[in-house]
Asker: 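Following this message is one structure expressed as structure tokens.
Below, all heavy atoms of this structure are taken into account, side chains as well, without hydrogens, waters or symmetry copies. Note on naming: letters A, B, ... go to the chains in the order of the sequence lines (proteins, then strands), and numbering restarts at 1 for each one.
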Number of protein chains: 2
Amino acid sequence: MPRPTKQSPERGSARIRLLEAARDVVRTKGFAATAVDELCKSADVTKGAFFHQFGSKDALGVAAAEFWAETTSAFFAAAPYHAPSDPLERILAYVAFRKAIIAGDLAEFTCLVGTMAQEVFASSPAIRDACGRSILGHAATLVADIEAARRERGITGDWTAESLARHTQTIIQGGFVLAKAGNDPELARESLDHLERYIRHLFHVTEEVET
Amino acid sequence: MPRPTKQSPERGSARIRLLEAARDVVRTKGFAATAVDELCKSADVTKGAFFHQFGSKDALGVAAAEFWAETTSAFFAAAPYHAPSDPLERILAYVAFRKAIIAGDLAEFTCLVGTMAQEVFASSPAIRDACGRSILGHAATLVADIEAARRERGITGDWTAESLARHTQTIIQGGFVLAKAGNDPELARESLDHLERYIRHLFHVTEEVET
DNA sequence: TGCAACATACCATACGGTCGGTATTTATCA
DNA sequence: TGATAAATACCGACCGTATGGTATGTTGCA
């Protein structure tokens with residue numbers, strides 16, 4: 001419920017500015033190492049505003065995970081990989097898109113909720129669950145295309161569309177871990193190449209897919 | 001250089017006890033959220049001993065990552081997956097072994113250095129690099145078998161043994177992230193099933209491998 | 001007039017780290 | 001061999017700061 005005023009047009013945006021600051025700072029330093037004061041400074045907001053908007057640092061964590069889920073789902077919904085008419089092509093375009101957006105600084109393309117989940121899975125169930133909903137919710141957006149591709153091409157096998165969708169997220173998240181540990185984004189990209197190869201294998205397509 | 005005495009036989013083990021405590025506590029709470037005092041209490045050691053052994057909390061982090069690298073490499077060197085005479089079978093046995101040891105509490109089977117790397121990749125290059133060496137060093141232990149299997153079976157393709165070895169670690173690390181986020185170890189196991197299927201595909205083996 | 005949205009000063013505690021001191025082992029040398 | 005010096009391993013009280021959180025006041029709109 002932000003409310004801008006005439007004298008200070010920035011007023012009311014404190015919540016969103018804090019969520020954006022959390023997204024940027026926490027992705028870089030982790031949740032525990034990020035101080036509330038630091039977020040306030042980064043968002044140019046006072047501590048009073050912080051604790052007015054979020055009752056606690058934990059609540060900010062939950063809100064940040066939900067904010068992440070909202071913004072990323074909007075981002076991926078608008079992404080160009082949905083364009084192909086063939087569902088398998090859409091899936092492969094998704095993988096290519098995920099690979100393409102791995103660029104620049106590590107903290108810019110890695111995943112907020114994946115990082116937070118690793119840190120707080122035991123100490124803060126609320127944050128953990130919000131992270132889980134974000135990751136698994138995103139995985140769920142891939143299921144329909146996988147199932148459609150499977151039906152269309154008469155693919156059988158002892159795997160489910162849901163599990164393959166989650167597997168893509170496993171590889172993306174794991175790629176981020178390797179990229180951070182090795183300080184090299186290429187480590188994340190190369191695993192997406194393996195994922196693409198795996199998917200082509202599953203659907204018996206070794207070359208380019210034609211509609 | 002620990003040195004036990006007659007009066008206190010526990011003496012000298014402070015360093016190792018601290019490293020073991022770090023392994024257990026940091027895996028559960030993360031590095032930043034783990035206080036030095038807490039490690040001392042958990043290891044039944046005084047703060048003086050801590051800062052005598054490790055000049056700083058950061059140095060403890062580096063030592064913990066190196067300790068992890070040493071203990072895990074000994075663990076995997078002694079593991080039964082090396083038994084098969086066929087290299088491809090050894091690789092598949094490795095994947096099966098990684099799947100088998102995913103049991104019990106999340107903090108018991110997840111990876112210390114993967115967790116730490118995510119947290120400190122930007123704030124502590126020393127810890128990050130130690131984590132990177134542990135993960136990539138472990139990946140390197142798989143390369144020889146992958147190359148042997150490839151040679152033996154005349155497999156070609158636009159992928160390298162090194163990259164496939166790293167890909168296995170991507171899937172393991174990513175599986176841990178999903179397992180934590182979803183609070184369900186099965187999420188890690190199911191991705192290892194996909195990895196097994198992928199490897200079989202790569203080597204044109206769809207059923208059991210016979211020597 | 002009431003209430004949401006701040007702002008500011010303040011607080012108790014927890015944190016990483018320091019420091020002077022002691023006990024025990026090891027190296028040195030007459 | 002025995003006295004002694006040097007070094008290692010450890011103890012525990014203390015320190016300055018940073019931290020999450022609170023209490024109280026102010027502003028501006030409905």
Asker: What heavy-atom pair brings L112(B) and A64(B) nearest, and what distance separates the two atoms?
Answerer: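 In this case the closest contact between L112(B) and A64(B) is CD2-O, 3.8 Å.
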Asker: Does some side-chain heavy atom of E190(B) sit less than 4.5 Å from a side-chain heavy atom of R166(A)?
Answerer: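 Yes, side chains in contact.
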Asker: Taking atom C1' of dC15(C) as reference, at what distance in whole Å does atom NZ of K29(B) sit?
Answerer: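 It works out to 12 Å between those atoms.
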Asker: Taking the side chain as every heavy atom from C-beta outward, state whether Q169(A) and L142(A) have any pair of such atoms under 4.5 Å apart.
Answerer: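 Yes - at least one pair of side-chain heavy atoms lies under 4.5 Å apart.
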Asker: Kindly assign one of parallel, tilted or perpendicular to the pair Y198(B) and Y198(A), based on the angle between their ring planes and the thresholds 30° and 60°.
Answerer: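 Plane angle over 60°, so perpendicular.
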Asker: Less than 6.0 angstrom from the centroid, inside 45 degrees of the normal: does K99(B) satisfy that with respect to the ring of Y94(B)?
Answerer: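 Geometry flag: not set, cation outside 6.0 Å or 45°.
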Asker: Does the pair H138(A) and S73(A) meet the rule for a side chain to side chain donor-acceptor pair (under 3.5 Å), with working shown?
Answerer: CA-CA 7 Å; H138(A) 179 63; S73(A) 73; over 6 Å; no
Asker: Answer yes or no for K57(B) and F31(B): cation-pi contact, defined as NZ/CZ to six-membered ring centre under 6.0 Å and angle to ring axis within 45°.
Answerer: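 Yes, cation above the ring, under 6.0 Å and within 45°.
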Asker: Distance check needed: dC6(C) P versus I16(A) CD1, whole Å only.
Answerer: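 Spelled out: CD1 on I16(A) to P on dC6(C) is 10 Å.
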Asker: Just to be sure I understand the geometry, which residues of residues 30-50 of chain B put a non-hydrogen atom under 4.0 Å away from DNA chain C?
Answerer: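 Residues of residues 30-50 of chain B under 4.0 Å from DNA chain C: T34(B), A35(B), V36(B), K47(B).
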Asker: Can you pull out the residues from residues 54-61 of chain B that lie within a 4.0 Å heavy-atom distance of DNA chain C?
Answerer: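 Heavy-atom contacts with DNA chain C come from S56(B), K57(B).
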Asker: What integer distance in Å separates F51(B):CZ from dC14(D):C1'?
Answerer: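 Distance check: F51(B) CZ to dC14(D) C1' gives 14 Å.
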Asker: Determine, for W159(B) and R150(B), whether the Lys NZ or Arg CZ falls below 6.0 Å from the six-membered ring centre while staying within 45 degrees of the axis.
Answerer: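 Here R150(B) passes the 6.0 Å and 45° test against W159(B).
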